[in-house]
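One structure is given here, and the rest of the page talks about it.
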Amino acid sequence: MKILVVGNGGREHAIIKSLKKSKNVREIYAIAGNGGIADDAKIVEGIAVTDIQAIADWAKQNKIDFAVVAPDDPLVLGAVDLLTEYKIPCFGPNKAAAEIEGSKIFAKNLMKKYGIPTAEYQTFSRLDRALKYLETAPIPTVIKADGLALGKGVIIAQTREEAIQAVTSMMKDKVFGKSGSKIVIEEFLTGPEVSVLSFTDGETLIPMVSSMDHKRARDNDEGLNTGGMGTVAPNPYYTEEVAKECMEKIFLPTMDAMNKEGRTFKGCLYFGLMLTPNGPKVIEYNCRFGDPETQVVLPLLKSDLLEIMVAVARGDLKYTKVEFLKKSACCVIMASNGYPEKYEKGYEITFKCKKDNVFVAGAKKDGDKLLTNGGRVLGVTAVAGNLNKAIKKAYKKVKKISFENAYYRKDIGQKALKAYGEK
Ligand code: AMP
Ligand code: GLY
């Protein structure tokens, strides 16, 4: 089959490397790809991932057999609806279903309506009302822009002043543009966080192996929030008992709720969970694979990814095998020093190791050379029999890759190891 993957980050590289193992894949094309993805797929030049009309036109002209739309923006814009109209089977939710990530207010109201556990909240479309509410709101409090905001639309305010500033910057100063014209203010929850990605066709939902993200820039979860500095899978806090509870109270009710709303979700539904003292609660939904969760989850997938994706699109997931290795994975993100603020690009990346399970996020080709071209540059993943070994193996590999100004956290997986120790 001739496959198209839409997206240009480390997540897409992991999807492409996994699809390459599928027996029915003949060719893979990437829009827009990156310099590392170019080693594993043919790059389609000149089309942006948000230009859904150009994507659908290109896919039709080039007789693509199956498309995978990975990032949130084209999904929320309706890429899958357009591809479907052009009779190209694809993996990903349509526009109506992608709203579960596209609007936080939609997601919160859905959970409330169907009794799915989440933080208590209020929604606001007027600045004066939001500010009035903040006068008596419990602190800390969490402020969220309604729409997509490049993963930056969530602010945890530790003081009332910070909360007022966050609300004002979103609603008055429009730092996130239209995405912040409506907001959610919600209860601050505590507890370990777990990411669970799932495959669903609207009838069957199969959770993938759980994972743990490391969002802060510096060791010991200090520094600024980032797009993710590393991941491990499975997540030790996600015990069989917790998994059962999540399936019953969160995953299946969410799938059913979307069906009842006439927004059947087909694709990868991502559950960002917090295991609070009052049970697991949803922190966020994503309508797609997580980044960098995918970089640890897919290397552990034993089954054929294309087969699963095709089954999701057709609606016969219940007949399909989805199995994961009983092993552990660790992904260390190598970033440009200064990320997520100011950083330099254009440095040559050299490898003294094999590139399997090295996922390129921000790099471009310059002849035979690979140059850094983003904040997060590489995701370096290792798989091993247990977490301790996977961590050691990942860092060993990181030491064999170099570029000027490289920065990475030294403690990816340590919190998870400690959690195993405590059990
Ligand atoms: P982001 O990836 O920017 O959406 O950041 C979301 C992060 O904010 C989550 O991973 C949590 O760590 C944190 N967060 C979101 N909502 C809450 C909440 N209600 N209580 C506590 N932390 C939250
Ligand atoms: N790792 C969280 C996300 O992909 O949004």
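Note that the numbering runs from 1 along the sequence shown for the chain. A quick note: this is a predicted structure, and the numbers were derived from the prediction, not measured.
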Is [X] salt-bridged to [Y], going by a charged N under 4.0 Å from an acidic O?
X      : Y      : value
Arg409 : Asp411 : yes
Asp40  : Lys20  : yes
Lys95  : Glu99  : no
Asp39  : Lys365 : yes
Lys104 : Asp146 : no
Arg11  : Glu293 : no
Lys321 : Glu307 : no

If we count only N and O atoms by modelled type, under 3.5 Å, do the side chains of His214 and Asp221 hold a donor and an acceptor together?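 No.
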
Option among Phe251, Phe265, Tyr238 that satisfies the ring pair (Phe, Tyr, Trp, His ring centres under 6.0 Å) test with Phe271
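Exactly one candidate clears the test, Phe251.
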
Any side-chain to backbone donor/acceptor pair from Lys174 onto Met171? Under 3.5 Å, distance only.
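Indeed, once roles are kept as given, a pair shorter than 3.5 Å links the two residues.
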
| With a distance cut-off below 6.0 Å to the six-membered ring centre and an angular limit of 45° from the axis, does Lys393 pair with Tyr395 as a cation-pi contact? |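 Not satisfied by the 6.0 Å and 45° rule.
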
Scan residues 314-341 for pairs that pass ring pair (Phe, Tyr, Trp, His ring centres under 6.0 Å), counting only residues two or more places apart or in two chains.
->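 Non-adjacent pairs meeting ring pair (Phe, Tyr, Trp, His ring centres under 6.0 Å): zero.
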
* To do: Could you tell me which residues satisfy side chain to side chain donor-acceptor pair (under 3.5 Å) with Asn109, sequence neighbours excluded, listed by chain and number?
  =>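 For Asn109 the side chain to side chain donor-acceptor pair (under 3.5 Å) partners, ignoring immediate neighbours, are Tyr121.
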
